[in-house]
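All values derive from a computational prediction rather than experimental measurement. Counting convention: from 1, in listed order, for ligands and their atoms alike.
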Amino acid sequence: MRIYKMKDYSEMSRKAANILSAQVILKPDCVLGLATGSTPIGTYEKLVEWYEKGDLDFSEVKTVNLDEYKGLDASNDQSYYYFMHKHLFGKVNIDLKNVNVPNGMEPDAEKECARYEEKVCQLGGVDIQLLGLGHNGHIGFNEPNTEFDRRTHCVDLTKSTIEANKRFFASEEEVPRQAYTMGIGTIMQAKKILMIVSGKDKAEIVKKAFCGPITPEVPASVLQLHPEVILVGDEEALRLL
Ligand code: F6R
């Protein structure tokens with residue numbers, strides 16, 4: 001495992017973007033595994049900046065996202081597809097046919113999860129998977145006590161997640177109750193993992209995930225078993241390592 005301790009969020013973002021762009025330059029038709037959330041926004045900004053300067057070409061890149069809310073379509077501003085389009089896909093020369101996000105509008109969970117797994121497989125697997133880290137150690141929507149061998153599946157969102165998300169919707173009824181997520185088994189098959197963490201509120205969980213016991217109670221602790229993990233964090237998030 002390689003750890004890069006960077007000064008702040010901006011330096012963390014630059015380093016993570018450096019690593020992703022190295023992958024794109026070395027293998028122009030690579031498969032990037034992508035994440036949403038607040039942590040990767042700066043990383044995507046850097047990739048867009050370097051694309052605009054002419055240093056990066058996404059024309060052959062393929063992407064697979066970790067997760068999506070069930071019941072939200074791509075045009076809903078709370079959907080993860082919308083997020084990705086806003087921060088990356090709509091700003092670089094990626095071919096939208098090469099972009100993959102679970103289809104939140106497919107009501108048949110079994111069908112959609114099987115389709116997504118098959119897609120990842122058809123693409124030849126993920127070359128590098130970008131991950132953020134939840135305060136409880138979750139990766140993707142894999143909450144504590146998810147089995148480590150799960151593949152893409154449909155999860156029921158916890159009460160606290162629904163509660164936390166309701167501020168983004170007109171009413172609580174509109175908050176999605178379920179989501180599709182790659183499973184830990186799917187994530188662990190990526191050739192490389194790039195985890196990014198920022199802020200002092202992540203310090204405790206970073207320590208638990210990377211220095212504590214490997215346990216489903218802390219889903220990210222499974223990454224200790226992956227042969228190629230790169231952890232990029234700012235000083236505050238990595239201060240307990
Ligand atoms: C996002 C995702 C989540 C986030 C995690 C951290 O696609 O799957 O696991 O990576 O919740 O979120 P932030 O970056 O907002 O702290």
Side-chain angles (χ1 to χ4, degrees), residues 6 8-10 12-13 16-17 20 32-46 63-70 72 74 76-89 99-104 113 116 120 126 128-146 150-158 160-165 167-168 176 178-188 190 193-206 208-210 216 218-223 229-234 236-238:
M6 311 308 293
D8 54 20
Y9 179 78
S10 163
M12 176 212 74
S13 302
L20 291 174
L32 300 180
L34 300 176
T36 62
S38 53
T39 318
I41 291 176
T43 305
Y44 297 146
E45 272 170 14
K46 281 280 159 221
T63 66
V64 285
N65 260 79
L66 280 171
D67 41 18
E68 179 60 283
Y69 288 115
K70 186 164 180 254
L72 295 194
N76 187 306
D77 64 3
Q78 293 307 317
S79 76
Y80 286 176
Y81 186 95
Y82 189 98
F83 174 100
M84 289 307 303
H85 203 270
K86 178 173 168 197
H87 293 287
L88 186 69
F89 302 157
V99 153
N100 297 281
V101 179
N103 177 9
C113 296
Y116 208 66
V120 175
V126 174
I128 185 162
Q129 175 68 54
L130 180 65
L131 292 179
L133 177 65
H135 289 102
N136 61 2
H138 73 229
I139 47 178
F141 264 115
N142 295 283
E143 296 292 350
N145 300 313
T146 308
R150 291 293 308 259
R151 317 297 309 187
T152 301
H153 61 286
C154 182
V155 290
D156 294 329
L157 302 184
T158 58
S160 64
T161 304
I162 295 168
E163 183 66 25
N165 286 349
R167 68 186 191 278
F168 300 119
Q178 291 183 307
Y180 291 131
T181 184
M182 279 187 193
I184 291 175
T186 326
I187 293 170
M188 286 295 278
I193 303 272
L194 170 58
M195 173 167 275
I196 50 176
V197 282
S198 169
K200 54 177 186 298
D201 53 317
K202 293 277 172 82
E204 283 291 344
I205 193 63
V206 169
K208 269 194 193 156
F210 293 100
V218 182
S221 65
V222 73
L223 299 177
V229 175
I230 308 164
L231 173 64
V232 181
D234 58 17
E236 287 186 336
L238 300 189

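Side-chain atoms of Tyr82 and Asn76, non-hydrogen and from C-beta on, never get closer than 4.5 Å to each other. Side-chain contact check for Leu130 versus Tyr44: some heavy-atom pair is nearer than 4.5 Å.
For ligand 1, the polar-atom distance check against Phe141 finds no nitrogen or oxygen pair separated by under 3.5 Å. Distances between N or O atoms of Tyr80 and those of ligand 1 include no value under 3.5 Å.
Under the 4.0 angstrom criterion for non-hydrogen atoms, Lys202 is in contact with ligand 1.
Counting atoms of ligand 1 from 1 in the listed order, those under 4.0 Å from a heavy atom of Leu133 are 6 (C). Residue Leu66 approaches ligand 1 through these ligand atoms, each under 4.0 Å from one of its heavy atoms: 8 (O). The ligand atoms of ligand 1 that sit less than 4.0 angstrom from a heavy atom of Asp67 are 1 (C), 2 (C), 7 (O), 8 (O). Every atom of ligand 1 with a heavy atom of Thr39 under 4.0 Å away is listed here by number and element: 13 (P), 14 (O), 16 (O). The distance from ligand 1 to the heavy atoms of Gly132 drops below 4.0 Å at these ligand atoms: 10 (O).
Of the candidates Asn100, Thr36, Val101, Tyr81 forms a side chain to side chain contact (heavy atoms under 4.5 Å, CB included) with just one, namely Val101.
Shown here are the side-chain contact (heavy atoms from CB on, under 4.5 Å) partners of Ser13, two or more places apart in sequence or in another chain: Tyr9, Thr43. The ring-ring contact (aromatic ring centres under 6.0 Å, His included) test applied to Phe141 returns Tyr69, not counting sequence neighbours.
Here the shortest heavy-atom pairing between Ile196 and Ala16 reads CG2-CB, 3.6 Å.
Nearest-residue assignment for atom 12 (O) of ligand 1 (options Pro40, Gly37, Gly199; heavy-atom criterion): Gly37.
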